[in-house]
Amino acid sequence: MSETLDIKGRFYPPQSSEGCDGTLRIRGETVFATVFDEGRVGLPRHEIRIEPRIGTMRRKIYLPNGFVFETENTAAVDAIDTKKRWKALARLEKTGWHLIPFAIFTPILAVGFYRLMIPLLISAGLFFTPDGLPKRIDKASLGSLDKIWMRPTNVDAERQRELTALFEQLVAARPEGRERRVPNYELKFRRMRPPTPNAFALPGGTIVLTDSLIRDFGDDDVLAGIIAHEIAHVEYEHSLRQIYRALGMAALINMIAGDAGPMLEDLLLEGSALLSLSFSRKHELQADSYSVPLMREVGRRPDAILGFFETLEAGEMVLPSIATKRREQSKSKIEKERAPKSEIDRLLYENVPEGSDPEAPANYEPIKVEEDDDDTATYGGDLKAKKAKDWFSSHPLHQERIENIKRLTRGDNVDDNP
Amino acid sequence: MAGRDQNVGWVGATSGDRHPFAFVGNAKDYFGIWIVNVLLSIVTLGIYGSWAKVRNKKYFYGHTVVDNHNFDYHATGIQLFIGKLIVVGVLSVLVILQLVSPILYLIAVLAFLFVIPIVIARALRFNARVSSHRNVRFNFFGQYGDAFIAYILLPIANYFTLFLCTPFVSRAINRYAVNNHTYGDRKFSFDADIGNYYKPFLVALFSIILLSIVLVGPAIGGLLKTASGTDLSTDETALFKFILGFYALLFLVIVPAMLYYKAVIRNVIFNNTILDNLHRFESTVNPFKYLWIVLSNTIAAIVSIGLLIPWGRVRLAKYMASCTTLLAGGPLDGYSSDVSDTTGVVSSEYVDMEGIDIGIGI
């Protein structure tokens, strides 16, 4: 009990840098501070505060009279330290063989955490989103867009009525019960400046078609396909998911690599921006898959949307002048492609996997849309292999989308040609 | 320049002692601390992150030594955690406002501009008061008005000059940060001729311009060429080239140029700072060596899936410390804190803001 332990070190008076060498003697429940040439003070042991160990840093012991004792003898301080939690932490941190499994499992855990937590954060975000919020986001975004990029439509009232009827037919035909929140669907017509064929969905159910889109794609089947695709974005709450994902990623990077150091931190943030592009590519595929049965439901050609893909990608370009130029080109190209031996037909009817007979009635597969939010969800194994550059595109390569729709509509094509 | 030298000329005469800084930690010891930090942060869903930050800072402060005494960091995990909660709360409100009402958001952002200087001043004060050397705490007395000028007003004005006044902004920030710091009850003072700032700024600027043309020119040219052509099947390649060019520009040109500027300015700050009208500092960071260390650390971190991050951090700390010297103009042990109490110094109301770097990294 009355074992004596002497620790050599240096005493500092309160708030002063003028230290004096001395010894701290611990005997039983008393601590004696001995400053050379200046005598000795006895202090109750339970009133001293010992700083937790970190690396080989000098240890500080705070004495109740305001003095600070500093020593290089960290081992001796460990011996008198009674704070179990800090000691356990220091033991974990100490170099040793146990760090090898740590080093192996931490990266695995980090990846697992990313794969697990991001979907979890998104689900939590969706769960806690107040029911009125998406509609308010719609109003706010549409208000800003109307001020900056969009003007009132020039589409005549008759055409608007036709398209609204088509829209309502699609909304009514959509499968029920997917969402906790029932979106309040609305179709809006707008003229975009500069004119761009585009369609987009806001989280609360507002779907916007631009004048150029309606002009360039007069075919109702194509427009219905596009609307069905946008309805899917609303049904799956894709925009909210992307918002929550961006927030979650920022928090995660900050957490795991908060002090990663100059440059690496920038690199990580940019990398996560690239990953979100692939995330939204996945949403596009998911929306395409959703549109197919919906189109069948209303008796329209599910593969009509194929004609729109190339223009859609052009419209997504960042540089408006180039986008417009490309639109002109793609327009003429799509017209050419409507001819029987077009690129799309080739993809649709010739590129059938080996071993399957294109003439035989395809076994109809119920559409299974994957709901998980990890980036590795695939839509058919043959699409799994992706080129590196695919990651940079927010809309999947049209070939990938064409093949996806082709896969889902194979049965229809056979039915159409008895 | 001449006037300043005249004022402090006598310092050199009395000083004789050079006290080099040294970082005495090593990658082996730090690895354990770092991996435990990451592991516990993940397992506790990020809550441990605040405590991890304290361990981290304590390790680097505690192993940075000058005149045979180390620095120390005294913040507690709970203080940082509460600060983090406040920051996250405020940012969440801003994000929601942005979604719901653009007008309210705009008002909030404008209001935020006036709040930021308070936060910066408080964060600097917090960080100073939890840092010590040789049992004496640092302190910070910066006022709101000066912070508003340095961190808000001048940067906004800088926009309108196409960023050509960046050196003036840097100097204002450095002046605010250094001149308001004290070690115990003694003041730091700093001033430097604007030429010290413009030289590295112009070097960085011209490097960006020149290297952009050489490196990214072909990629942009390729994009324009494709756009005017007729073959749409190559569009993906053009987009790919464009994005690749953008990242090449960012990480091979812009980020290195900014790091170069930062390294040179670090020297300027130390070489023109005086403590207590007595002690001076010397910093001899070679910006190219600094760049090399940062770049190779980044590559090492990527190749090792992050496991070499601690090695890189220790390597950088060792280099930075080895480039720093205290030129003592008198005895170093006659200082006392005016920060009265060792534990109750900081209340949790102080906000620790991420990313506020006063540029005097030790």
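Here is the naming used below: chain letters follow the sequence lines, and residue numbers restart at 1 for every chain.
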Asker: Quick check: closest heavy atoms across B:Tyr59 and A:Gly55, and the distance to 0.1 Å?
Answerer: CE1-CA, 4.0 Å

Asker: Is chain B contacted by the side chain of A:Lys60, its backbone, both, or neither, given a heavy-atom distance below 4.5 Å?
Answerer: side chain

Asker: Does any part of the side chain of B:Asp72, heavy atoms only, come nearer than 4.5 Å to the side chain of A:Glu51, both counted from C-beta?
Answerer: yes

Asker: Taking B:Asp29, B:Ile33, B:Asn26 one by one, which has the highest count of heavy-atom pairs under 4.5 Å against chain A?
Answerer: B:Ile33

Asker: Quick check on A:Arg53 against chain B: is it the side chain, the backbone, both or neither that has a heavy atom closer than 4.5 Å?
Answerer: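 The backbone, not the side chain.
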
Asker: Of the backbone (N, CA, C, O) and the side chain (C-beta and beyond), which part of B:Tyr105 lies under 4.5 Å from a heavy atom of chain A, both, or neither?
Answerer: neither

Asker: Please identify which of these residues, B:Asn37, B:Val36, B:Leu39, meets the side chain to side chain contact (heavy atoms under 4.5 Å, CB included) condition with A:Thr106.
Answerer: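 The residue from B:Asn37, B:Val36, B:Leu39 that satisfies side chain to side chain contact (heavy atoms under 4.5 Å, CB included) with A:Thr106 turns out to be B:Leu39.
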
Asker: Within a 6.0 Å radius of atom CG on A:Leu116, are there more than 12 heavy atoms belonging to other residues, nucleotides or ligands?
Answerer: yes

Asker: Closer than 3.5 angstrom, by distance alone: can the side chain of B:Asn135 be matched with the main-chain N or O of A:Ser17 as a donor-acceptor pair?
Answerer: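 No.
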
Asker: Does NZ in A:Lys135 sit with more than 12 non-hydrogen atoms of other residues, nucleotides or ligands closer than 6.0 Å?
Answerer: yes

Asker: Could you tell me whether B:Arg134 and A:Glu70 make a salt bridge, using a distance below 4.0 angstrom between a side-chain N and a carboxylate O?
Answerer: no

Asker: Take atom CZ in A:Arg136; do more than 12 heavy atoms of anything else shown fall under 6.0 Å from it?
Answerer: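 Counting neighbours around CZ of A:Arg136, 12 or fewer heavy atoms of other residues, nucleotides or ligands fall under 6.0 Å, so no.
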
Asker: So for B:His133, is it side chain, backbone, both, or neither that comes closer than 4.5 Å to the heavy atoms of chain A?
Answerer: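 For B:His133, neither part sits under 4.5 Å from chain A.
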
Asker: What part of A:Pro13 gets within 4.5 angstrom of chain B, counting heavy atoms only: side chain, backbone, both, or neither?
Answerer: backbone

Asker: Kindly compute the distance separating NZ (B:Lys58) from CE (A:Met57), expressed to the nearest 0.5 Å.
Answerer: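 Interatomic distance, B:Lys58 NZ to A:Met57 CE, rounded to 0.5 Å: 4.5 Å.
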
Asker: Side chain from CB out, backbone as N, CA, C, O: work out which of these in B:Leu307 comes under 4.5 Å of a heavy atom of chain A, or both, or neither.
Answerer: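 Interface part for B:Leu307: side chain.
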
Asker: For the atom pair CZ (B:Phe31) and CG (A:Leu99), what is the distance rounded to the nearest 0.5 Å?
Answerer: 6.0 Å

Asker: Heavy-atom distances under 4.5 Å only: say whether B:Leu250 touches chain A with side chain, backbone, both or neither.
Answerer: side chain

Asker: A:Leu89 versus B:Leu40: any side-chain heavy-atom pair under 4.5 Å?
Answerer: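 Yes. Closest side-chain heavy atoms under 4.5 Å.
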
Asker: Looking at A:Lys139, I want to see if its NZ is surrounded by more than 12 non-hydrogen atoms of other residues, nucleotides or ligands under 6.0 Å.
Answerer: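 12 or below, so no.
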
Asker: Identify the heavy atoms of A:Ala103 and B:Ile35 that sit nearest to each other, and give their distance.
Answerer: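 Looks like CA-CD1, 3.6 Å.
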
Asker: What part of A:Leu92 gets within 4.5 angstrom of chain B, counting heavy atoms only: side chain, backbone, both, or neither?
Answerer: both

Asker: Considering only heavy atoms and a distance below 4.5 Å, find which of B:Gly306, B:Ala301, B:Gly62, B:Pro310 pairs most often with chain A.
Answerer: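 Max contact count across the listed options: B:Gly62.
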
Asker: Which heavy atom of B:Arg55 sits nearest a heavy atom of A:Ile54, and at what distance?
Answerer: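 That would be O-CD1, 2.9 Å.
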
